[in-house]
Amino acid sequence: MNPEPLSGPDEAAGERRVVLPVAALNRQVARLLERSFPLVWVVGEVSNLTRAASGHCYFSLKDAQAQVRAVMFRSRARAAGQLLRNGQRIEALAAVSLYEARGDFQLNIESVRPAGAGDLHQAFIALRDRLQAEGLFDESAKRALPARVRTIGVVTSLQAAALRDVLATLAARAPQVAVVIYPSAVQGAEAPAALVEALRRAGAHALADVLLLVRGGGSLEDLWAFNDEGLARAIRASPIPVVAGVGHESDVTIADFAADRRAATPTASAAAVVEDRRELLARLEHQAGRLSRAWRRLLERRMQRLDLALRGLPTPWHQWRARRDRLARAAAALARSGRQTQALADARLARLESELRLPDLGARALRLTHAARRLNGSMRIGIERAAGRERELAGKLQAISPRAVLRRGYAVLTDPGGKVLTSVEQTATGDTIEAQLADGRLAATITQRRPDER
């Protein structure tokens, strides 16, 4: 910002004097701080914590020598959870700024973690990378979970809420599955060795088909026992497949990488190793219904095929009767053929006999006379009918003849060129026209035109 002068030149000093408003000064200082300081991690103790109705959190970070005001806005404060409480020592990722309205130097907090978590996180990253490079987390070395689980081993604390969640889930989903608990500490300095020993005991007993390594959620320090190298190697050395369900969904430990399968929560680990009894029963019922329907369809098809086979396989009685009928039909056909042959022979013999006898000329002459009479009568009737038809057609032709129409008093009018006139509009007063009558033609001059009124 380029400040503007609020007064004239200083006559005594001989140079121009600039006067800034307080708001402008604070704005320049805030921008200078924001440009000069990148995001920085600050460690201190939370004090004077205030949660506004808007959800923003206002507090101070202090140590033995100093303190600084801090603000964490609602979206980020929600993620911080219980880490923001008076007396809690935290590490805060902050932007250095100035609250311009009051001129207060403050930190805008982006995220927080427990003090010392940064060192733990770096140790976690280093161990993870080293074991991964060694091949301890290779997917090809991980074992598949058994399809049928009869006994489940649970490695956890007897007082852990995770144990209750696992047992409740197994009781609801698969009450027929046996559960063997291998107690162990899950937090503190002695926890890694106790977890390794619990895994060893489970492997030596060989009672379980699968092992659940579970613990509820907590801070990075609370879950640190599951980031132990010895525990990771014990998981890989276990003769029984291991499912890790440590913390919440967002928590990731070395045990998760080493396990044969990672579950987001303890409850999810129990659900991963057994099928829900209700789903299994529903699937079995569905399969039983399909099997029953398939068997019924197969039986019906076989019964239908049997019916068809029986139709094509007659009994001996039916076969004998069919042969008897065929024999009777053959005998009848033979008899008919004999009679027809005899009849044809008789007819031929009679014809030959008649041809050998002398013809009866009188009878034949009489037949010819009758035939001539019938022919003459038919010709006369045909001629009369033709003449009548001719007269009928002539009458019809005469009825539609133009001359017949003219004889009834009509006339055909034409102009001098011979064109037939059909409208008064085709003429004019004084025109000469011709009228064709039945017996001649007349020439006429038009003296008046009277069109019809429509």
Side-chain angles (χ1 to χ4, degrees), residues 293 296-297 300-301 304-305 307-308 311-312 322 325-326 328-330 332-454:
R293 290 191 295 273
R296 185 170 62 251
R297 288 194 297 269
E300 290 170 352
R301 287 196 297 268
Q304 189 174 11
R305 288 179 59 185
D307 290 342
L308 292 175
R311 291 176 190 174
D325 294 342
R326 284 198 301 271
R329 288 193 297 270
L334 182 60
R336 286 195 302 271
S337 178
R339 287 194 297 271
Q340 291 173 357
T341 303
Q342 183 65 38
L344 290 174
D346 293 343
R348 185 178 181 187
L349 180 60
R351 187 170 63 254
L352 292 174
E353 288 178 351
S354 65
E355 290 176 355
L356 290 176
R357 290 195 300 267
L358 292 175
D360 187 354
L361 298 179
R364 291 190 175 185
L366 184 60
R367 286 199 299 271
L368 288 175
T369 302
H370 289 317
R373 290 176 181 175
R374 288 196 300 272
L375 179 60
N376 290 333
S378 298
M379 291 177 61
R380 186 172 56 254
I381 292 171
I383 292 171
E384 291 176 355
R385 287 178 179 176
R389 179 63 176 164
E390 181 182 5
R391 288 192 297 273
E392 181 183 355
L393 293 176
K396 291 182 178 181
L397 182 62
Q398 184 66 28
I400 64 174
S401 171
R403 290 189 178 278
V405 176
L406 294 177
R407 281 195 292 270
R408 292 200 296 271
Y410 292 96
V412 178
L413 302 181
T414 61
D415 61 12
K419 181 179 179 180
V420 176
L421 299 176
T422 61
S423 173
V424 297
E425 299 298 333
Q426 295 176 272
T427 64
T429 303
D431 289 351
T432 298
I433 62 174
E434 291 186 356
Q436 175 68 49
L437 302 177
D439 57 353
R441 302 176 68 87
L442 295 177
T445 301
I446 297 175
T447 60
Q448 187 179 7
R449 297 168 64 248
R450 290 194 298 270
D452 289 342
E453 294 183 0
R454 297 181 180 180

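Just so it is clear, the model here is predicted, and its values are computed rather than measured. The figures here come from the full heavy-atom set of this structure, side chains too, leaving out hydrogens, waters and symmetry mates.
Closest of all the heavy-atom pairs between G430 and T445 is O-CG2, 3.8 Å. Considering every non-hydrogen atom in both A428 and R449, the closest pair reads CA-CD, 3.8 Å. Residues L437 and L442 share a closest heavy-atom pair of CD1-CD1, 3.5 Å.
Panel note: side chain S378, backbone R374; a donor-acceptor pair is recorded below 3.5 Å.
Atom CD1 of I446 sits about 8.5 Å away from atom CG of L413, to the nearest 0.5 Å. If you take CD on Q342 and CG on L349, they are separated by 9.5 Å, rounding to the nearest 0.5 Å. To the nearest 0.5 Å, atoms CG (L344) and CZ (R348) are separated by 10.0 Å.
A 4.5 Å side-chain heavy-atom check between T369 and R373 finds at least one atom pair inside the cut-off.
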field: Residue pair Q426, D431: steps toward the side chain to side chain contact (heavy atoms under 4.5 Å, CB included) verdict
entry: CA-CA 10 Å; Q426 295 176 272; D431 289 351; over 6 Å; no
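A 6.0 Å sphere centred on CD of E392 holds more than 12 heavy atoms belonging to other residues, nucleotides or ligands.
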